Student: 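Take a look at this one; I'll ask things after.
Residues take their numbers from the sequence shown, with the count starting at 1. Computed from a predicted structure; not experimentally measured. Just the heavy atoms: all of them, side chains too, but no hydrogens, waters or symmetry mates, feed the values below.
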Amino acid sequence: MKIQNMFQKDIERDINGVIKVMQDDDRSLEQELSEYIITKELRRHFRTFFDNYTKAIDQPTDKIGVWISGFFGSGKSHFLKMLSYLISDKEVAGKPALEYFIEDDKITDPKVLADIRAAESVSTDVILFDIASKSRTSSAAARDVITMVFLRAFNEKLGYSYQYPRMADLERKLDADGKLQKFRDRVEELEGSSWDDAVAGIDLAQDSFVQALVEQGVMSEESARSWCDRVGEEYSISTEDFAKLVRKYIESKGNDHHVVFCVDEVGQYIGDDSKLMLNLQTVTEELGKECMGKACLLYTSDA
């Protein structure tokens, strides 16, 4: 008998050396869930997290930030992804995420399992992203403020434009008025391309956007042309207004809806920039104040 035949799994299978939060193909997700090993320390972390998370479902609180720290390669990103899968009740390869934990006895504590089921039962948008991937630039000297990165991730999750916040604002308004899909269809018809391609090339597709905006009765031709000229210009939003935007969205989905931001590599993104650290703190505080436990923030950072 060959030694390799003694193992339960094929030892020559492809194994990701580094867990990437943005890697979400089915094969990778199934491998991450089925092969996740929960140590004694991780059991304690799962217990602590879900105990506090489920309390926030029923009891309003402004304590919504979770800091996941550890040395490089300690499994922070993997832990973050597991939490996001369990909270969102994600289905992978035909099975809910929790089933992978139950089948392999990863978690056997009845209290923890009950807390996870309670978390899954609540309508939740989980926004999982690597913070650097949503920044406009990788330059350490000119990184986006945290609020803007969160806004892009939030807009993308809702199906709006993430590269152009002004476009997302327009989409949000049209969506509320029940005109968004008709507007998108008209732009696609005029351009002969997909909506995403039209938005990406709006400089060349300006006439189509102007015509569609006028036909929808959203703007006059002059206003639509002016808006198109400014769509890619510098955009800013206060942290308070962003928090109110999230609260308004949560309220529109019903009183029991939650939003969870799972943000990887925050510590590396901030580095020693005290302004970014202050901005992160403000985002956490404002979302806590406005949403009172219905928005939750999970961050990872090197120790």
Student: Please give me the minimum heavy-atom distance between Tyr269 and Leu276, naming the atom from each residue.
Tutor: O-CD1, 4.0 Å
Student: For Ser208 and Gln206, indicate whether the former's side chain and the latter's backbone hold a donor-acceptor pair under 3.5 Å.
Tutor: no
Student: Examine distances only and state if a side-chain atom of Ser133 and a backbone atom of Asp130 form a donor-acceptor pair shorter than 3.5 Å.
Tutor: yes
Student: Which heavy atom in Asp26 sits nearest to a heavy atom in Val92, and how many Å separate them?
Tutor: O-CG1, 4.1 Å
Student: Should Phe183 and Phe209 be marked as a side chain to side chain contact (heavy atoms under 4.5 Å, CB included) after you check the CA-CA gap, both sets of side-chain angles, and the distance that decides it?
Tutor: CA-CA 9 Å; Phe183 173 69; Phe209 279 90; 3.9 Å; yes
Student: Quick check: does any side chain N or O of Thr61 sit under 3.5 Å from a backbone N or O of Lys63, one acting as donor and the other as acceptor?
Tutor: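 A pair under 3.5 Å: yes.
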Student: Is there a salt bridge (charged side-chain N to carboxylate O under 4.0 Å, His left out) between Arg186 and Glu189 once you walk through the steps?
Tutor: CA-CA 5 Å; Arg186 184 56 174 149; Glu189 180 184 357; 3.2 Å; yes
Student: Are any of the side-chain heavy atoms of Lys294 and His257 separated by less than 4.5 Å?
Tutor: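 A side-chain contact is absent here, since even the closest heavy-atom pair is not under 4.5 Å.
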Student: Are there over 12 heavy-atom neighbours, none belonging to Glu221, within less than 6.0 Å of that residue's CD?
Tutor: no
Student: What I want to check is whether the side chains of Ser194 and Asp197 have a donor and an acceptor closer together than 3.5 Å.
Tutor: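 There is such a pair (donor and acceptor under 3.5 Å, judged by atom type) between the side chains of Ser194 and Asp197.
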Student: Cut-off 3.5 Å, side chains only: do Tyr36 and Asp104 have a donor facing an acceptor?
Tutor: no
Student: Could you pull out the closest heavy-atom pair between Thr54 and Asp115, with the gap in Å?
Tutor: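 Residues Thr54 and Asp115, closest heavy atoms: CG2-O, 3.1 Å.
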Student: Could Lys244 and Glu240 be called an ion pair, given the rule that one side-chain N must be under 4.0 Å from one carboxylate O?
Tutor: yes
Student: Would you mind checking if Arg117 and Glu120 are paired as a salt bridge, meaning a charged N to carboxylate O distance below 4.0 Å?
Tutor: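 No, this pair does not count.
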Student: Can you tell me how far apart CD (Gln31) and CZ (Arg27) are? Round to the nearest 0.5 Å.
Tutor: 5.5 Å
Student: Please round to the nearest 0.5 Å and tell me the distance separating atom CD1 of Ile68 and atom OG of Ser301.
Tutor: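 Spacing of CD1 (Ile68) from OG (Ser301) equals 10.5 Å.
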Student: Which heavy atom of Gly73 sits nearest a heavy atom of Lys76, and at what distance?
Tutor: N-NZ, 4.5 Å
Student: May I ask you to decide if His45's main-chain N or O and Thr48's side chain share a donor-acceptor pair within less than 3.5 Å?
Tutor: no
Student: Measure the shortest side-chain to side-chain distance between Leu113 and Phe101 over non-hydrogen atoms and say whether it is less than 4.5 angstrom.
Tutor: no
Student: Hey, any chance Val149 and Leu278 share a hydrophobic cluster, counting ILVMFWY side chains that come within less than 4.5 Å of each other, even indirectly?
Tutor: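 Result: no, two separate clusters.
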Student: Do Arg225 and Asp207 sit within salt-bridge range, that is, some charged N less than 4.0 Å from a carboxylate O?
Tutor: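 Counted as a salt bridge, because a side-chain N and a carboxylate O are separated by less than 4.0 Å.
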Student: Considering all heavy atoms of both residues, which atom of Ala205 and which atom of Ala198 are nearest to each other, and what is their separation?
Tutor: CB-O, 4.0 Å
Student: Step by step, would you call Leu245 with Leu151 a side chain to side chain contact (heavy atoms under 4.5 Å, CB included)?
Tutor: CA-CA 9 Å; Leu245 187 66; Leu151 177 64; 3.9 Å; yes
Student: Test Lys289 against Glu286 for salt bridge (charged side-chain N to carboxylate O under 4.0 Å, His left out), laying out the working first.
Tutor: CA-CA 5 Å; Lys289 181 184 72 175; Glu286 288 295 331; 3.2 Å; yes
Student: Are Phe50 and Leu42 in one and the same hydrophobic cluster, where Ile, Leu, Val, Met, Phe, Trp and Tyr link if side-chain heavy atoms are under 4.5 Å apart?
Tutor: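 They do share one cluster, since a chain of ILVMFWY contacts under 4.5 Å joins Phe50 to Leu42.
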Student: Just wondering, do Leu170 and Trp227 contact through their side chains at under 4.5 Å, heavy atoms?
Tutor: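 Contact flag for Trp227/Leu170 side chains = yes.
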Student: Please determine if Glu188 and Arg184 form a salt bridge, counting it only when a charged side-chain N lies under 4.0 Å from a carboxylate O.
Tutor: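 No salt bridge links Glu188 with Arg184.
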Student: Looking only at non-hydrogen atoms, find the nearest pair between Lys106 and Ser34 and report the distance.
Tutor: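 Scanning both residues, the minimum pair turns out to be NZ-O, 3.2 Å.
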Student: Below 4.5 Å, heavy atoms only, C-beta onward: do Val246 and Glu290 meet side chain to side chain?
Tutor: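 Val246 vs Glu290: side chains apart.
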Student: For the pair Tyr53 and Phe49, name the ring-plane relationship: parallel under 30°, tilted 30 to 60°, perpendicular over 60°.
Tutor: parallel
Student: Between Trp195 and Gln181, is there a side-chain donor-acceptor contact under 3.5 Å, judged purely by atom types and distance?
Tutor: no
Student: Is there side-chain contact between Arg172 and Asp175, with heavy atoms separated by less than 4.5 Å?
Tutor: no
Student: Please walk me through it: do His258 and Cys296 pass side chain to side chain contact (heavy atoms under 4.5 Å, CB included)?
Tutor: CA-CA 8 Å; His258 286 64; Cys296 182; over 6 Å; no
Student: Does the ring of Tyr100 carry Lys95 above it, NZ/CZ under 6.0 angstrom from centre and within 45° of its axis?
Tutor: yes
Student: Taking atom types as modelled, find out whether Thr284 and Tyr299 have a side-chain donor-acceptor pair closer than 3.5 angstrom.
Tutor: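 Looking only at side-chain atoms, Tyr299 and Thr284 do form a donor-acceptor pair, the distance falling under 3.5 Å.
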Student: Considering only NZ, NE, NH1 and NH2 on the basic side and carboxylate oxygens on the acidic side, decide whether Asp169 and Lys173 come within less than 4.0 Å.
Tutor: no
Student: Let's go through Glu156 and Arg152 carefully: what are the C-alpha distance in whole Å and the side-chain angles of both, what is the deciding distance for salt bridge (charged side-chain N to carboxylate O under 4.0 Å, His left out) to 0.1 Å, and is it a yes or a no?
Tutor: CA-CA 6 Å; Glu156 183 179 28; Arg152 288 193 190 91; over 6 Å; no
Student: Above 12 or not: heavy atoms from other molecules or residues under 6.0 Å from CD of Glu222?
Tutor: no
Student: Verify the distance criterion only: is there a donor paired with an acceptor across the side chains of Ser226 and Ser223 at less than 3.5 Å?
Tutor: no
Student: Could you tell me whether the side chains of Thr147 and Asn279 share a donor-acceptor contact shorter than 3.5 Å?
Tutor: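 Note: Thr147 and Asn279 side chains meet the donor-acceptor criterion.
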Student: Under the ring pair (Phe, Tyr, Trp, His ring centres under 6.0 Å) definition, can you give me all pairs with a residue in residues 159-178, not counting sequence neighbours?
Tutor: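 Every pair satisfying ring pair (Phe, Tyr, Trp, His ring centres under 6.0 Å) with a residue in residues 159-178: there are none.
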Student: Find out if a path of hydrophobic residues (ILVMFWY) with successive side-chain heavy-atom gaps under 4.5 Å connects Met167 to Tyr235.
Tutor: yes
Student: Could you tell me whether a side-chain N or O of Glu171 sits under 3.5 Å from a main-chain N or O of Ser161, the two making a donor and an acceptor?
Tutor: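 It does hold such a pair.
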Student: Between the side chains of Thr300 and Asp264, is a donor N or O closer than 3.5 angstrom to an acceptor N or O?
Tutor: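 The answer is yes; a qualifying pair exists.
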Student: Between atom CD of Glu41 and atom OG of Ser74, what is the distance when rounded to the nearest 0.5 Å?
Tutor: 9.0 Å
Student: Are Val214 and Val218 connected in the hydrophobic side-chain network, where two residues link if heavy atoms are under 4.5 Å apart?
Tutor: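 Cluster IDs for Val214 and Val218 differ.
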Student: Quick test of your reading of the model: are Asp51 and Lys111 salt-bridged, counting only N-O distances below 4.0 Å?
Tutor: yes
Student: Scan side-chain atoms only and decide if Asp241 and Ser238 contain a donor-acceptor pair under the 3.5 Å cut-off.
Tutor: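 Ser238 and Asp241 do have a side-chain donor-acceptor pair below 3.5 Å.
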Student: Taking side chain as C-beta onward, heavy atoms only, is Cys262 less than 4.5 Å from Ile127?
Tutor: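 Result no, sub-4.5 Å side-chain heavy-atom pair not found.
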Student: Got Val66 and Leu297 here, is their nearest side-chain heavy-atom distance under 4.5 Å?
Tutor: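 No. Closest side-chain heavy atoms not under 4.5 Å.
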Student: State yes or no: do Leu190 and Val210 share one hydrophobic cluster built from I, L, V, M, F, W and Y residues joined by side-chain heavy-atom distances below 4.5 Å, directly or via other members?
Tutor: no
Student: Would you confirm whether Asp177, through its side chain, and Lys179, through its main-chain N or O, come within 3.5 Å as a donor-acceptor pair?
Tutor: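 No; zero donor-acceptor contacts below 3.5 Å.
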Student: Is Asp109 paired with Arg47 through a side-chain N to carboxylate O contact shorter than 4.0 Å?
Tutor: yes
Student: Check the pair Ile87, Ser84 against side chain to side chain contact (heavy atoms under 4.5 Å, CB included), reporting the backbone distance first and the verdict last.
Tutor: CA-CA 5 Å; Ile87 294 169; Ser84 75; 6.0 Å; no
Student: So, do Thr124 and Val260 sit near enough that their side-chain heavy atoms are less than 4.5 Å apart?
Tutor: yes
Student: Just say parallel, tilted or perpendicular for the rings of Phe261 and Phe150, cut-offs at 30° and 60°.
Tutor: tilted
